[in-house]
Enquirer: 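Shown below is the structure under consideration.
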Amino acid sequence: MTTASTGAALPLAHVLPTTAEVNAAGRLSVGGCDVRELADRFGTPLYIYDTATLRAQLRGYREAFTAAYPDSELVYASKAFLNRPFARFIASEGFGFDAVSAGEIATLKSADVDLGRVYLHGNNKTPDELRYAVENGVGRIVIDGEWEIELLERIAGELGRTQRVLVRVSPGIDGHTHEKTTTGILDSKFGLPIVTGAAERAIRAIVAAPHLEFRGIHMHLGSPIFEMEPYGQAIEVMAEFIDEVVRKQIGVEVPEFSPGGGFAVAYWGEQQAPAYAEYAAVIASTLQREGDARGFELPHITLEPGRSIVARAGLAVYTVGARKEVPGIRTYVSVDGGMADNPRVALYDSKYEAVLPDRPLDPPEELVTIAGKYCESGDILVKDIELPRLRAGELLAMPAAGAYQVAMESNYNLALRPAVVMVENGTARLIRRRQTFEDLGALDVDE
Ligand SMILES: *Cc1c(COP(=O)(O)O)cnc(C)c1O
């Protein structure tokens with residue numbers, strides 16, 4: 001499937017996978033694979049992940065943080081997208097994992113990932129999840145509430161284990177992102193606030209619990225965070241808490257600290273995301289400054305990028321179908337996917353671009369709205385976009401589709417979940433087949 005590049009400059013190159021180019025046939029190729037050929041072979045909707053883009057993101061993060069703060073570790077936030085082959089790929093690049101459910105841990109386990117490098121998060125981990133995590137040797141459980149401490153202490157005691165834990169502290173800082181994805185403010189279901197005394201009480205309870213080992217503090221501001229100031233401000237708040245409360249009042253050291261994830265990516269034309277080095281610089285310099293001023297040893301830090309590892313690597317590919325013109329109001333063009341594979345637009349009004357893989361260089365001709373095929377008026381993928389006049393049967397691709405799309409998919413309308421392929425050097429590897437009608441009925445119990 002390898003195709004020569006024409007070298008033509010692609011519009012929207014900064015939101016497409018790094019290997020995206022126009023091939024000799026004048027079509028879009030990714031990872032050396034012609035997108036039209038992939039669509040014919042695997043069907044649409046199709047999710048394509050470009051291996052080179054993923055690898056560059058993974059290595060870019062590691063290099064940027066190692067340079068800025070040598071005692072740093074990178075873990076991939078699994079909830080952005082995970083399955084077994086994908087977990088193996090991420091692990092092969094030296095990343096650990098963030099998990100938020102027993103299902104994610106089970107998937108990582110089935111991929112033979114080192115569970116000692118897994119961090120378990122969640123504001124309401126169930127007793128079964130906590131037991132599963134402890135039994136399987138999950139490296140850190142990130143305590144997110146006071147109830148969890150008693151529960152985990154009892155479970156670890158019953159299993160005769162000592163569980164290492166971090167405490168998720170809410171810094172009370174607004175990351176200036178969508179209200180549904182901000183997590184560091186006081187009015188949030190996540191984290192133990194400092195100002196109410198809950199964070200201090202939690203750490204005291206952990207220190208007193210014989211089967212829990214306090215290792216440090218975690219924070220996560222939400223996602224995506226485009227500004228540097230919230231990280232700087234939140235780390236200052238954390239440093240003060242670590243120094244004044246944890247070290248001086250409770251009397252324990254804090255060997256580990258996680259500033260979380262939430263690093264931004266560009267989804268559309270004029271949108272720009274900060275470079276990894278900018279996040280690394282603000283995190284490292286704030287910690288170094290606070291550590292120097294307060295005289296504490298710098299902690300081991302863990303970064304948890306999810307979206308920014310996978311979003312740009314992913315391309316969602318659909319087939320164009322129906323067209324409906326409402327004169328003077330709007331023209332709807334529908335594709336064969338929508339909110340079942342990408343609920344982000346309906347959830348957060350997320351904005352996307354679209355490109356036409358069959359003729360990526362054609363100039364725009366009209367303003368349209370790209371609709372999905374599902375039975376909700378809110379099933380829109382792109383509102384108001386200038387595109388060439390779309391023809392039924394041609395392909396439409398949406399860039400920056402790698403994060404929180406397949407991961408949030410549903411079988412709404414009993415839609416079949418799409419196939420997922422990874423592409424590199426002209427070869428496509430199917431890492432998840434498309435669902436079948438048999439899969440739809442697989443859980444049904446007839447008698
Ligand atoms: C979701 C989440 C992340 C990852 O966020 P991204 O925007 O995907 O980078 C990291 N840490 C925690 C605790 C999370 O809940």
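In each ligand, atom 1 is the first atom listed, and ligand 1 is the first ligand listed.
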Enquirer: Salt bridge check, R55 against E424: does any charged N sit closer than 4.0 Å to a carboxylate O?
Expert: yes

Enquirer: May I have every N or O pair linking ligand 1 to the protein at under 3.5 Å, one per line with atom names and distance?
Expert:
residue, atom, partner, partner atom, Å
ligand 1, 7 (O), S223, OG, 2.2
ligand 1, 8 (O), R307, N, 2.7
ligand 1, 8 (O), Y404, OH, 2.5
ligand 1, 9 (O), G262, N, 2.9
ligand 1, 9 (O), G306, N, 2.9
ligand 1, 11 (N), D98, OD2, 3.4
ligand 1, 11 (N), E304, OE1, 2.6
ligand 1, 15 (O), K79, NZ, 2.8

Enquirer: Under the ring-ring contact (aromatic ring centres under 6.0 Å, His included) test, which residues partner F65, sequence neighbours left out?
Expert: none

Enquirer: Not counting sequence neighbours, list each pair that qualifies as a ring pair (Phe, Tyr, Trp, His ring centres under 6.0 Å) and has a residue in residues 108-133.
Expert: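 Listed once each, the pairs are H121-H218.
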
Enquirer: In a check of side chain to side chain contact (heavy atoms under 4.5 Å, CB included) between E409 and each of P418, P343, P45, which one passes?
Expert: P418

Enquirer: Taking the ring of F86 and the ring of Y49, is the distance between their centroids below 6.0 Å?
Expert: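 Judged by ring-centre distance (under 6.0 Å), Y49 and F86 do meet the cut-off.
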
Enquirer: Please list, chain by chain and in numerical order, all residues satisfying ring-ring contact (aromatic ring centres under 6.0 Å, His included) with Y279, sequence neighbours excluded.
Expert: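 With sequence neighbours excluded, Y279 shows a ring-ring contact (aromatic ring centres under 6.0 Å, His included) to Y231, F263, given in chain and number order.
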
